[in-house]
Amino acid sequence: MKHDSPISALVSALTRACLAAVLLAGMGAAHAERIKDLASIQGVRGNQLIGYGLVVGLDGSGDQVRQTPFTQQSLTNMLSQLGITVPAGSNMQLKNVAAVMVTATLPAFARPGQTLDVVVSSMGNAKSLRGGTLLMTPLKGADSQVYAIAQGNILVGGAGASAGGSSVQINQLNGGRINGGAIVERAVPTTVARDGYIMLEMNSTDFGTAQNVASALNRKFGAGTAVALDGRAVQVRTPLEQGSMARFLSQVEDLQVARAPSAAKVIINARTGSVVMNRTVMIEEAAVAHGNLSVIINRQNQVSQPDTPFTEGQTVVVPNTQIEVRQENGSLQRLNTSANLADVVKALNALGATPQDLLAILQAMKSAGALRAELEII
């Protein structure tokens, strides 16, 4: 019977411990994410704003007023507010004016005086908004209150020409942006904490990730700080000190959390044949025949007893899956893998399978229970 010396046993133990530590550290670094990337704080959100206005200064590319009478009506109302009276029944043949809708997003904690980017979109039959200027336009929220005022010169994408000289439109000319084109006039009250608690809303429903977030917060700030209410919400107790909310929330958002393994899923684009899968996808034994293609998946156990310090002379059973993809003309792709669907797709592509062939085979494997994953077709 072979006995190892105390020194060799110690070296072997230290080697195993160091290897395990490196593997765990690598796994943690690879899968840890900030809470900021996994969740948002309830109440901290933007608000949509919308307004109706006029764009002037166009180079004959504005609305045709006979087909868009609201443009002429809007211009008449604006002129009357400026003290200019237009005789009733006047038919103004305008070509340099266009009616537009103006949209923007009012971010959380926005204060009066701050600027916002706005998007201007034609709502009539104007050919182009290039070179136009948006006149003062109130931007309202869902409560019909004015929260910002927009005005400024519109930036519109240009057009190019092909080698033959014919014009080729590159960008949509009936819309544009005004960077910093709106000034906030009213702030929206943002309530972060209620009754001494804040609520973290996960970006996707996952009970494991929500529990990991709560556990990380309890380790960082003390037991009882956070509790996962469900797979979507985590309740967090806030500090009692006044003025420390911003510092506390910054620490919460920067905390590293391990995301729970996601559900096995395979996504197929039926038009392009693209296949995307995550690492949790597994396959079982199956035999699929589709046209001139046949796929056979066999699972076998290989017995191995390598002479290394890690196995200590013990018999190791290693699961192995053999994938065989064959065509009627005799072409063959045989792979030994660990039940990985990516190898099946690789073997099918090597034999020239079309996207429709791949889609039909994966659907058949899913129906037979050999594909352990959710199959989504886009």
Side-chain angles (χ1 to χ4, degrees), residues 23 26-28 30-33 37-39 202-212 228 230-232 257-306 315-378:
L23 291 176
M27 292 175 61
H31 302 294
E33 300 181 36
D37 301 323
L38 296 174
M202 310 301 297
N203 297 335
S204 59
T205 301
D206 192 309
F207 289 95
T209 303
Q211 185 58 50
N212 291 345
D230 49 39
R232 196 81 179 190
V257 176
R259 182 193 291 268
S262 57
K265 194 169 188 178
V266 179
I267 300 177
I268 302 176
N269 190 322
R271 294 180 296 275
T272 63
S274 302
V275 179
V276 181
M277 68 197 75
N278 55 23
R279 62 175 184 171
T280 57
V281 175
M282 301 295 290
I283 55 177
E284 299 292 341
E285 291 185 332
V288 181
H290 174 73
N292 64 342
L293 292 172
S294 62
V295 180
I296 301 176
I297 305 171
N298 291 322
R299 175 169 293 182
Q300 301 172 350
N301 292 329
Q302 294 182 350
V303 180
S304 176
Q305 190 175 2
T315 301
V316 178
V317 178
V318 180
N320 182 65
T321 300
Q322 186 180 73
I323 301 174
E324 181 179 302
V325 181
R326 185 185 299 272
Q327 278 185 326
E328 289 183 355
N329 59 8
S331 300
L332 175 66
Q333 288 285 332
R334 181 179 289 120
L335 298 171
N336 289 326
T337 180
S338 57
N340 191 350
L341 180 62
D343 292 325
V344 177
V345 177
K346 185 186 303 182
L348 288 169
N349 288 333
L351 292 179
T354 65
Q356 295 301 324
D357 293 334
L358 184 61
L359 177 59
I361 291 174
L362 292 180
Q363 283 181 326
M365 292 175 61
K366 174 64 176 178
S367 300
L371 179 60
R372 298 298 180 89
E374 179 184 354
L375 186 60
E376 181 179 347
I377 302 173
I378 60 176

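Heavy atoms only: backbone and side chains are in, while hydrogens, waters and symmetry mates are out.
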Indicate every side-chain donor-acceptor pair of residues 369-378 with a distance under 3.5 Å to a residue at least two apart or in another chain.
residue, atom, partner, partner atom, Å
Arg372, NE, Gly369, O, 3.3
Glu376, OE1, Lys265, NZ, 2.8

### Query
Residues two or more places apart in sequence or in another chain: which of them pass side chain to side chain donor-acceptor pair (under 3.5 Å) with Thr205?
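So Thr205 forms a side chain to side chain donor-acceptor pair (under 3.5 Å) with Arg232.
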### Query
So which heavy atom on Ala260 is nearest to which on Asp206, and how close?
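Smallest heavy-atom distance, with atoms named: CB-OD1, 3.7 Å.
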### Query
For residues 360-369, which residue pairs qualify under side chain to side chain donor-acceptor pair (under 3.5 Å), counting only residues two or more places apart or in two chains?
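Of all non-adjacent pairs touching residues 360-369, none passes side chain to side chain donor-acceptor pair (under 3.5 Å).
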### Query
Does any N or O in the side chain of Asn212 come within less than 3.5 Å of the main-chain N or O of Val257, such that one atom is a donor and the other an acceptor?
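No, because the side chain of Asn212 does not come within donor-acceptor range (under 3.5 Å) of the backbone of Val257.
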